[in-house]
Amino acid sequence: MDRYEAGTVEAKWQRVWEESRAFEVPNPEPGAPRSPRKNYVLEMLPYPSGSLHIGHVLVYTLGDVLARFYRRSGSEVLRPMGYDSFGLPAENAALKEGEHPRKIVERNIESIRGTMQRLGWAIDWSRELSTHEPEYYRWNQWLFLKFFEHDHAYRKAAVVNWCPNDQTVLANEQVKDGHCERCGAEVEARKLEQWFFRITAFAEALLDEMKELEWPERVLAMQRNWIGRSEGAEILFRVDELDLDLPVFTTRPDTLFGATFFVLAPEHPLVDRLAEQSPNGEELREYVRRAAARPAAERAAGTGKTGIFTGFFATNPVNEARIPIWVADYVLMEYGTGAIMAVPAHDERDREFAEQFDLPIKPVIEEGELIDSAQFSGMPHEEAAKAIVEWLGTRGRGRPAVSYRLRDWGWSRQRYWGCPIPVVYCDDCGIVAVPEAELPVLLPEIEDYKPKGIPPLAQAEDWVRVPCPQCGKEGRREVETMDTFVDSSWYFLRYCDPHNDGAAFDREITDYWMPIDHYTGGVDHSTVHLIYARYFMKVLNELGLVGAREPFKRFFGNGFVTQGGSKISKRSGTATTPDELVEIYGADATRLAILFIGPADQDMEWTESGVEGMQRFLRRLWRVVGEVAAGGEGRPSDPSGGDALARKAHRTIDRVTDDLGRRHQFNTPISAVMELVNDLVKAPSDPAARFAAETAVSLLQPWAPHITEELWETLGHERLWEEPWPVADPAMLEEDTFELVVQVNGKVRDRLLVPVDLPEDELVARAKESPRVQAHLDGGEIRQTIVVPRKLVNLVVG
RNA sequence: GCCGAAGUGGCGGAACUGGCAGACGCGCCGGACUCAAAAUCCGGUGCCUGAAAGGGCGUGUGGGUUCGAGUCCCACCUUCGGCACCA
């Protein structure tokens with residue numbers, strides 16, 4: 001048998017898989033019942049803004065191991081691939097390289113596809129898609145029209161996050177610590193007209209339906225934080241001078257008797273009216289201007305409160321106390337009602353403000369009970385909260401209320417490289433949807449698409465000017481484009497039915513495959529893509545377009561791969577690319593190495609010594625299998641030899657199947673197979689050697705599909721990728737003997753090999769006979785004897 | 001401050017429901033092969049003590065439950081991630 005040459009073996013099998021279309025899966029026949037064997041395995045699609053890096057190798061190898069394992073376990077596996085090719089990442093890459101984004105992404109897609117094929121990922125390439133192609137974004141536009149028609153999408157003026165570097169608006173989810181998630185520039189506040197999706201209308205559903213998800217707790221927790229549900233009450237404060245009621249949201253209605261002043265956010269619509277009627281109106285307006293100019297980051301830091309008294313008073317509904325109304329920028333317009341009752345005795349921020357402006361501080365809770373609170377005094381404060389809201393309710397001054405931190409999703413962008421939004425602005429008709437029949441609205445070619453603050457599409461005058469679809473008068477097209485997260489909020493539905501040119505997808509087909517059974521990707525998308533896609537699914541469900549309400553039944557959040565440590569590369573000193581790794585070590589060794597590092601859901605440091613170790617392991621496997629195949633000619637594979645090696649092989653089947661299939665561990669199965677191979681190397685002429693070799697090869701196939709396919713052939717078989725997953729013989733998992741651990745006072749003193757069927761009293765007798773144990777009993781009296789069947793005997797002496 | 005995850009050899013990590021701590025790999029040490037090196041193979045490798053047999057200690061810290069704790073409970077420390085003038 002020849003020496004192991006990874007390159008040759010890998011090229012051979014990749015060609016075979018391609019020619020036999022090994023990983024393509026057909027859609028069900030119309031009317032076919034949903035199969036319990038269907039299994040949709042997906043990883044987040046890549047941005048083709050560059051080439052793949054070691055982190056991608058982790059994600060897609062994870063998915064690949066699962067897909068290959070499920071396929072051999074009898075599942076009908078759908079595992080497609082595509083490219084998130086519109087949007088900022090690609091456009092910025094294009095600007096940097098000075099070429100058109102389409103050219104850049106299409107070149108990158110070519111290169112990425114090549115890398116994916118060289119890594120041997122089992123993908124159904126017949127379903128490949130790119131979001132920048134009209135065949136895809138046409139349906140993006142169609143879905144938008146459905147959202148628009150049913151008032152899930154709307155346009156409004158709002159203070160938004162503006163990235164001065166990328167010259168575009170960012171969603172809240174794309175701002176981290178006041179900086180642009182992509183370029184790191186400090187985000188500014190700007191008031192602009194923008195497109196939004198009403199994701200807040202689904203806040204409760206997004207929270208509630210998490211119950212059905214098999215997701216890591218940390219990701220669910222992040223979504224819970226992001227949605228930020230608070231339970232409390234809405235309470236009305238009377239302003240007599242203006243003859244109106246001001247609502248406030250509070251989570252602490254029990255402190256209502258301690259409210260000593262009232263605060264409005266500077267952006268509150270009432271402030272203008274107050275300024276008109278106030279003697280110090282000019283001062284008030286000046287304060288509002290200054291607050292608006294203050295950098296968002298400084299305002300959020302919360303140090304050094306500023307504010308101004310309006311001259312007006314509000315009446316506290318519980319005790320008729322007249323409290324002064326202030327305007328201060330520590331109150332946020334976006335949360336609750338933009339107005340608060342201030343309780344300085346029981347709220348840190350209110351206290352700081354009160355101390356600074358010398359306002360009264362009135363404690364109303366002592367040791368958990370209300371004081372100075374009329375008929376509620378003496379009540380435990382939690383009980384009082386309910387009682388006060390109830391009391392207010394009977395008088396029409398308050399009711400229980402829930403507030404959320406989640407904001408509506410702003411998704412229009414002032415950039416070129418994105419999906420055009422199919423609406424026309426008409427002076428007479430307002431915002432008019434482009435008729436479905438006219439889709440797609442193609443993205444026009446323009447010379448200069450550099451970001452300048454105004455959308456680049458505005459320059460394409462011929463394209464912009466268009467008759468109003470409703471009245472025929474001249475109108476203007478929307479010149480903003482969609483955020484790339486719109487594209488990725490439903491791509492998994494298109495994979496189900498990717499070539500449908502009459503609809504975004506056929507509901508019967510998506511209902512067959514959806515929801516995704518196993519989704520994999522980075523946890524950095526926890527409060528971005530993962531929440532948007534869940535929202536989309538709920539809207540599509542309510543529009544009757546899909547049956548499911550959750551897209552991802554199970555989500556696996558892979559860890560980050562760092563490549564920062566010492567000795568990265570032998571040549572350039574920079575990180576080794578996946579293509580180079582395949583070239584040097586082979587795809588199989590690379591795949592094994594990235595998964596062997598540790599638990600795949602934790603961050604990990606990539607080191608090349610790991611992949612060298614895997615290469616050694618594969619060479620060992622190659623050699624020993626060759627030896628077994630040659631030496632055991634004519635000797636049948638014997639799975640029931642009754643000896644240690646056969647039992648080890650069965651135990652390995654059991655371990656690998658359980659670790660991968662039930663526990664979703666990707667590293668420990670590799671160890672288990674290594675153990676089996678180590679045993680095989682020590683006993684290559686064992687009667688069960690052939691069976692052990694077959695088992696090791698078969699079990700390793702999801703991780704190292706090429707070498708195992710070759711060795712499977714060496715062992716006289718074919719098409720391992722279609723071979724049913726091995727099943728352990730329960731009888732062979734049973735041992736005749738076991739190692740009895742003997743403890744004295746909980747410390748191990750001896751280990752005895754004993755038959756499994758030995759009765760308990762006999763186990764104790766044997767334990768006591770052991771000279772090592774005798775030495776530690778030291779003639780003392782045995783006060784207690786613990787026997788754990790098949791495990792140990794513990795003798796407790798006094 | 002609130003929410004979440006995690007602390008185990010020189011390193012990455014195993015140990016699933018309380019029952020042999022350190023599987024597997026990396027690294028290191030010794031040996032074989034070789035003129036030599038690489039590759040490969042064989043053996044060793046938690047710490048302290050001992051010539052050895054053995055003994056003692058050991059899973060972030062301090063307590064507790066238990067015959068028995070890396071695993072359960074209480075209190076704390078540290079690191080990482082999310083949210084945060086959110087009323």
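Letters A, B, ... are given to chains in the order of the sequence lines, protein chains preceding strands, and every chain is numbered from 1.
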Salt bridge A/E355-A/K305, side-chain N to carboxylate O under 4.0 Å: no
Is it true that A/R229 and A/E231 have a side-chain N and a carboxylate O under 4.0 angstrom from each other?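 Yes, charged N to carboxylate O under 4.0 Å.
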Check the distance between [N]'s [atom2] and [X]'s [atom1] and give it to me in whole angstrom.
{"X": "A/M614", "N": "B/G12", "atom1": "CE", "atom2": "C1'", "value": "10 Å"}
{"X": "A/E217", "N": "B/A5", "atom1": "CD", "atom2": "P", "value": "6 Å"}
{"X": "A/Q602", "N": "B/U8", "atom1": "CD", "atom2": "P", "value": "11 Å"}
{"X": "A/I597", "N": "B/A14", "atom1": "CD1", "atom2": "P", "value": "12 Å"}

Among the nucleotides B/G4, B/C20, B/G55, which one has an atom lying closest to any side-chain atom of A/R218?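 Side chain of A/R218 sits closest to B/G4.
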Nucleotide N/O to protein N/O under 3.5 Å, stretch nucleotides 40-42 of chain B:
unit_1	atom_1	unit_2	atom_2	d
B/U40	OP1	A/R619	NH2	3.4
B/C41	OP1	A/R623	NH2	2.8

Taking atom types as they are modelled, is there a donor-acceptor pair under 3.5 Å from the base of B/C85 to the side chain of A/K305? yes
Determine whether a donor-acceptor pair (one donor, one acceptor, N or O, separation below 3.5 Å) exists between the side chain of A/R224 and the base of B/C3. no
Which part of the nucleic acid, if any, lies within contact of A/R229, taking any heavy atom under 4.0 Å across all strands shown: a base, the sugar-phosphate backbone alone, or nothing? nothing
Under 4.0 Å between any heavy atoms, over every strand shown, what does A/N667 touch: base, sugar-phosphate, or nothing? Just pick one. sugar-phosphate
Do nucleotides 77-84 of chain B as a string where each nucleotide becomes B, S or -: B if the base has a protein heavy atom under 4.0 Å, S if just the sugar-phosphate does, - if no protein is that close. -----BSS
Name the orientation class of the two ring planes belonging to A/F353 and A/W326 (parallel below 30°, tilted from 30 to 60°, perpendicular beyond 60°).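 The arrangement is perpendicular - the two ring planes meet at more than 60°.
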Provide the Watson-Crick or G-U wobble partner of B/C24, both distances under 3.5 Å; none if there is no partner.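 Checking every strand shown, B/C24 finds its partner in B/G12, with both distances under 3.5 Å.
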Criterion ring-ring contact (aromatic ring centres under 6.0 Å, His included) on A/F69 and A/F666, from CA distance to verdict: CA-CA 11 Å; A/F69 167 70; A/F666 296 84; 9.7 Å; no
